[in-house]
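Because the structure is a prediction, the values reported are computed rather than measured. Start at 1 and go down the list; that is how both ligands and their atoms are numbered.
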Amino acid sequence: MAPKLKDPSLLKTNVCYVNGEWVPARSGKTFEVHDPSTGALVGTCPEFDRQDAEGAIAAASAAFASFRTQTGRERAKLLRRWYDLTVENADDLATLITWENGKPLADAKGEVTYAANFFEWFSEEAPRIYGDTIPATVPGNRVLTVREPVGVCGLITPWNFPAAMITRKIGPALAAGCTVVCKAPAETPLTSLALAELAHRAGVPKGVVNVVTSHENTVALGEVLTTHPDVRKVSFTGSTGVGKILMRQASSTLKILSMELGGNAPLIVFDDADVDLAVAGAVTSKFRSSGQTCVCANRIYVQQGIYEEFSQKFAAKVREFKVGHGFDAGVTHGPLIHDRAVAKVDSHVKDAEEKGGKVIVGGQKIPGLGSNFYQPTVITGMTKDMAIACEETFGPVAGLFPFATEQEVVELANAAEVGLAGYFFSRDLQRITRVAEALEVGMIGVNTGLISDPAAPFGGVKQSGFGREGSKYGIEEYINIKTITFGGMGKPLQS
Ligand SMILES: NC(=O)c1ccc[n+]([C@@H]2O[C@H](COP(=O)([O-])OP(=O)(O)OC[C@H]3O[C@@H](n4cnc5c(N)ncnc54)[C@H](O)[C@@H]3O)[C@@H](O)[C@H]2O)c1
Ligand SMILES: O=CCCC(=O)O
């Protein structure tokens, strides 16, 4: 049975939000969105094409001329109203997230809070975009800077956090005075459209926020957003492979870029760690959203002295999970997003088994629940030649790698081409400092498996991309510094 929304008008099917209006695709074409738990139809959304996308860019361009002149305080009030409406409609937004993404309802509610907090955070940043006065080297000159919005921004986001990945971009963009065209993910567009409806109710001026959807035309829309001369910035969250394509395309008009890309997070447990704390942290980090977050631990390195104890305790916790439909009471872990994700997870498990790994929990699909379900899995005896060692699994598989020394494990951790998050557990302050400084990642959790916080800068190094979201730095991605030099200013006072 289809879930019910308290406010059914938040379910926007067959229309996108452009220039303050709800519009279908010019062609009238639509694509289907399916519940990953049951395969049932959730709704249909417009298949926007190039011309539709250009229309959204034109709307954002026209709106920029006046939106940029609003004061920071006015933009703060808009974001605050959008925040309040997001909180007021949290139950419905969470229902939409669970329906189209599959994550358990409690996790979906947590995501709505996380998502709303980016509106709140950036509403507080909007009135505080200060410039500088700079002592000039040229006599008689006076130099000051103003910080201006970069212009129209193209935003492209993934399905794994249908609300939070969008608000983490739109919040700072609007706070800075930019206007946006957001390309919602084909798997989870309905949450994005519900957020657009709340923007409308909050009084966001027409054209400032545009949300477009596509499935088959996604590559074409990506090309339009990355090459159109009126788009000044592209912010992308998704895989490293797609990030590279978008970066190449965006070079044609030298757009400003933010790239929040894939991870392959190491999680290290040293033998001086509090083992129970490490088990809890590793379980949280590894299995959040069934392993489908970019900061999920992907390689769990455990020092030899505690390997056995850690493995047993970790496996016991994983056996307590209840996998099922996100709306069902007591379910702790939902399905994967689609069959391609299941196939990848299964291939990583098989690869580890073939190379000598031992599956001590799970290791199988769960066809009885549905085609997208996979058992939470724990594998011991992992080695560095296995796929999980070098590739993001993005699923509920914990591979436990034994190691001997600090130097060895830091080298293993840093062997990845990507560097988004890393975690380690230790009680030795000197080791904590050494290892935190040595790991080549953008974010580190020390004695915790959960690092996401709107107040903390989020982003990676190496092939995990560049730029930071959230925090006091997030708004910088949407701002240009303009230098204004006044000449002939150093004249003596007139007598
Ligand atoms: N660093 C971060 O903050 C972060 C956050 C979430 C997910 N991710 C990464 O995202 C990946 C999982 O998401 P995914 O599989 O949906 O990634 P993906 O790169 O396939 O897709 C992400 C988004 O890009 C769109 N897209 C795909 N190809 C495109 C193209 N050629 N032009 C324009 N848009 C295109 C998709 O429709 C989707 O909206 C993982 O690698 C994960 O680590 C990173
Ligand atoms: O999947 C990536 C984002 C996860 C997060 O913000 O915690």
Of Thr237, Val224, Asn298, which has the heavy atom at the shortest distance from atom 5 (C) of ligand 1?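 Result: the heavy atom closest to atom 5 (C) of ligand 1 is in Thr237.
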
Per atom 11 (C) of ligand 1, closest listed option by heavy atom (Cys294, Gly460, Ser239, Ala421):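 Looking at heavy atoms only, Ser239 sits closest to atom 11 (C) of ligand 1.
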
Might you point out which heavy atoms bring Val18 and Ala59 nearest each other, and give the distance in Å?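 Reported closest heavy-atom pair: CG1-CB, 4.4 Å.
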
Distance to 0.1 Å, residue and atom name: give those for the protein heavy atom nearest to [atom].
| atom | result |
| --- | --- |
| atom 43 (O) of ligand 1 | Glu392 OE2, 2.5 Å |
| atom 33 (C) of ligand 1 | Gly222 CA, 3.4 Å |
| atom 9 (C) of ligand 1 | Gly238 O, 3.2 Å |
| atom 38 (C) of ligand 1 | Thr157 O, 3.4 Å |
| atom 37 (O) of ligand 1 | Lys183 NZ, 2.9 Å |
| atom 1 (N) of ligand 1 | Leu261 O, 2.8 Å |
| atom 25 (C) of ligand 1 | Ile156 CG2, 3.8 Å |
| atom 26 (N) of ligand 1 | Thr218 CG2, 3.6 Å |

Residue pair Trp159, Gln292: steps toward the side chain to side chain contact (heavy atoms under 4.5 Å, CB included) verdict: CA-CA 10 Å; Trp159 47 266; Gln292 300 175 108; 3.2 Å; yes

Which atoms of ligand 1 have any heavy atom of [X] under 4.0 Å away?
| X | result |
| --- | --- |
| Arg168 | 3 (O) |
| Gly263 | 43 (O) |
| Trp159 | 13 (O), 14 (P), 15 (O), 16 (O) |
| Val219 | 31 (N) |
| Gly262 | 41 (O), 43 (O) |
| Phe394 | 12 (C), 40 (C), 42 (C), 43 (O) |
| Leu246 | 32 (N), 33 (C) |
| Glu260 | 1 (N), 2 (C), 3 (O), 4 (C), 44 (C) |

Would you say that more than 12 heavy atoms from the other residues, nucleotides or ligands in this model lie under 6.0 Å from the NZ of Lys462, or not?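 Atom NZ in Lys462 is crowded, with more than 12 foreign heavy atoms closer than 6.0 Å.
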
Test: [X] cationic atom under 6.0 Å from [Y] six-membered ring centre, within 45° of axis:
| X | Y | answer |
| --- | --- | --- |
| Arg168 | Phe458 | yes |
| Lys233 | Tyr478 | yes |
| Lys103 | Phe161 | yes |

Ser471 backbone acceptor or donor facing Trp121 side chain under 3.5 Å: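 Pair found, side chain donor or acceptor close to backbone of Ser471.
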
So, does His34 use its side chain to make a donor-acceptor pair with the main chain of Pro36 at under 3.5 Å?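 Pair absent, no side-chain N/O of His34 close to backbone of Pro36.
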
Heteroatom proximity flag, Val242 to ligand 1, N/O under 3.5 Å: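 Not met; the criterion fails.
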
May I ask you to check whether Asn160 has an N/O atom sitting below 3.5 Å from an N/O atom of ligand 1?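 Checking ligand 1 against Asn160, no N or O pair falls under 3.5 Å apart.
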
Measuring from [X]:[atom1] to [Y]:[atom2], what's the distance to the nearest 0.5 Å?
| X | Y | atom1 | atom2 | result |
| --- | --- | --- | --- | --- |
| Phe31 | Asn14 | CZ | CG | 10.0 Å |
| Thr226 | Leu246 | OG1 | CG | 6.0 Å |
| Glu223 | Gln249 | CD | CD | 5.0 Å |
| Asp52 | Lys29 | CG | NZ | 11.0 Å |

Could you give me the CA-CA distance, side-chain angles and deciding distance for Glu477 and Lys169, then say whether salt bridge (Lys or Arg N to Asp or Glu O under 4.0 Å) is met? CA-CA 9 Å; Glu477 306 281 315; Lys169 295 188 192 302; over 6 Å; no

List, ordered by chain and residue number, the protein residues whose closest non-hydrogen atom lies under 4.0 Å from any atom of ligand 2.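 Only Tyr114, Asn160, Phe161, Met165, Arg168, Arg288, Thr293, Cys294, Ser452, Phe458 have heavy atoms that fall under 4.0 Å of ligand 2, ordered by chain and number.
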
Phe236 to ligand 1, any heavy atom closer than 4.0 Å: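 For ligand 1, residue contact (heavy atoms, under 4.0 Å) with Phe236 is present.
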
Select one of side chain, backbone, both or neither to describe which atoms of [X] lie under 4.0 Å from any atom of ligand 1, heavy atoms only.
| X | answer |
| --- | --- |
| Leu420 | side chain |
| Phe458 | side chain |
| Glu187 | neither |

Would a 4.0 Å cut-off, counted as strictly less than, catch a protein heavy atom around atom 21 (O) of ligand 1?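 When distances to the protein are checked, atom 21 (O) of ligand 1 has no heavy atom within 4.0 Å.
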
Of all residues at least two apart in sequence or in a different chain, which pass the salt bridge (Lys or Arg N to Asp or Glu O under 4.0 Å) check with Asp276?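 In terms of salt bridge (Lys or Arg N to Asp or Glu O under 4.0 Å), with neighbours along the sequence ignored, Asp276 is linked to Lys313.
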
Are Asp49 and Arg26 within salt-bridge range, i.e. N to O under 4.0 Å?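 Yes, this pair counts.
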
Aromatic plane relationship, Tyr17 with His200 - under 30° parallel, 30 to 60° tilted, over 60° perpendicular: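 Aromatic pair His200/Tyr17 classed perpendicular.
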
If only side-chain N and O atoms count, and only distance matters, is there a donor-acceptor pair under 3.5 Å linking Thr240 with Gln463?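 No donor-acceptor contact under 3.5 Å links the two side chains.
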
Distance-only polar pair, side chains of Arg299 and Tyr301, donor-acceptor under 3.5 Å: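 Arg299 vs Tyr301: donor-acceptor pair found between side chains.
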
